[in-house]
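These notes concern the structure reproduced below.
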Amino acid sequence: MRVWTLPMLLVLCGAGLATGLTLRGSPGAAAAILLVFVLLAGVNSALVFPRSIGALEAQRRSAADGRPVVYWRPGCAYCLRLRTRLGRSARRAHWVDIWRDPAGAAVVREANDGNETVPTVVVAGRPHTNPDPAWVREQLPGAV
């Protein structure tokens with residue numbers, strides 16, 4: 001449920017503002033405000049990220065195929081930056097939502113002195129906290 005808290009708050013705030021604008025006689029502005037808040041909610045939701053898997057499964061798959069494991073959480077601006085800059089190639093990594101997977105959160109805390117700092121990208125067993133997206137892209141299979 002925590003994953004959807006920020007998106008729900010954004011939609012509710014947008015709906016409240018839009019209602020106020022509509023009651024004041026500005027339905028066009030109300031529609032624009034609501035659209036902006038709905039888009040912000042979408043960007044800050046888990047919907048813009050590749051499907052997450054559990055940390056143990058991601059580690060197993062990474063050992064087999066050599067792909068990086070990206071530990072992230074919804075609402076994280078740095079995670080969104082990484083996801084956006086990777087573009088379609090983001091699907092070539094294994095993504096673990098630490099808010100949905102306690103084992104993933106434990107991996108991140110272990111790599112970051114007890115802090116849940118994301119994104120944490122594990123490549124060949126070595127964690128990298130908030131790495132440069134260009135570097136992560138180079139670690140993906142089939143990178144040019």
Side-chain angles (χ1 to χ4, degrees), residues 1-22 26 28-144:
M1 189 64 186
R2 180 167 67 167
V3 171
W4 295 105
T5 302
L6 180 60
M8 287 188 313
L9 284 173
L10 287 168
V11 169
L12 288 174
C13 287
L17 287 171
T19 300
L21 287 170
T22 301
S26 299
I33 289 291
L34 185 58
L35 178 63
V36 166
F37 274 84
V38 168
L39 289 173
L40 282 172
V43 165
N44 285 287
S45 74
L47 299 175
V48 296
F49 289 88
R51 190 176 69 80
S52 288
I53 58 176
L56 298 176
E57 179 65 15
Q59 291 167 353
R60 185 189 67 73
R61 290 182 186 183
S62 179
D65 62 19
R67 295 178 182 201
V69 178
V70 180
Y71 295 91
W72 69 285
R73 66 171 173 76
C76 168
Y78 298 105
C79 298
L80 184 59
R81 172 181 160 257
L82 177 63
R83 168 60 185 99
T84 303
R85 297 251 176 100
L86 290 178
R88 289 185 176 191
S89 63
R91 296 178 187 173
R92 295 191 307 229
H94 303 293
W95 292 75
V96 178
D97 179 352
I98 66 167
W99 278 0
R100 295 183 119 183
D101 185 46
V107 169
V108 171
R109 283 192 304 271
E110 183 180 325
N112 295 295
D113 300 322
N115 298 307
E116 289 186 356
T117 308
V118 289
T120 297
V121 180
V122 177
V123 177
R126 293 191 57 221
H128 305 272
T129 304
N130 197 16
D132 183 81
W135 178 84
V136 175
R137 191 178 305 110
E138 291 171 5
Q139 307 310 308
L140 296 170
V144 184

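Quick note: residue numbers are just sequence positions, from 1.
Considering every non-hydrogen atom in both A18 and A30, the closest pair reads O-CB, 3.2 Å. Nearest heavy-atom pair, P133 versus L86, reported as atom, atom and distance to 0.1 Å: O-CD2, 3.7 Å. When every heavy atom of P127 is checked against every heavy atom of A111, the shortest pair comes out as CB-CB, 3.6 Å. Closest approach of G14 and L34 over heavy atoms only: C-CD1, 3.8 Å. Nearest heavy atoms, W72 versus S52: NE1-OG, 3.1 Å. Nearest heavy-atom pair, L82 versus P119, reported as atom, atom and distance to 0.1 Å: CD2-CB, 3.9 Å.
Side-chain contact between E138 and V123: absent, with no pair of heavy atoms (C-beta onward) separated by less than 4.5 Å. H128 places a side-chain heavy atom less than 4.5 Å from the side chain of W135. Looking at heavy atoms from C-beta onward, Q59 lies in side-chain contact with V107 at the 4.5 angstrom threshold.
A side chain to side chain contact (heavy atoms under 4.5 Å, CB included) with V108 is found for one member of I98, N115, V96, T129 and no other, namely I98.
The CZ atom of R81 lies 6.0 Å from the CG atom of N130; values are rounded to the nearest 0.5 Å. Residue T22 holds its OG1 atom at 10.5 Å from CD1 of I33, rounded to the nearest 0.5 Å. One distance of note links CZ of R91 with CG of L140; it measures 13.0 Å at 0.5 Å rounding.
R92 contributes a side-chain N or O that, together with a main-chain N or O of P141, makes up a donor-acceptor pair within less than 3.5 Å. At distances below 3.5 Å, at least one donor-acceptor pair connects side-chain atoms of R83 with backbone N or O atoms of G87. Without hydrogens or angle criteria, W95 side chain to A90 main chain gives a donor-acceptor distance under 3.5 Å. With hydrogens and angles disregarded, a donor-acceptor distance shorter than 3.5 Å links the side chain of R137 to the backbone of R85.
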Does the side chain to side chain contact (heavy atoms under 4.5 Å, CB included) test come out yes or no for D97 and D101, once each step is laid out?
CA-CA 6 Å; D97 179 352; D101 185 46; over 6 Å; no
Side chain to side chain contact (heavy atoms under 4.5 Å, CB included) between V121 and Q139, intermediate numbers included:
CA-CA 10 Å; V121 180; Q139 307 310 308; over 6 Å; no
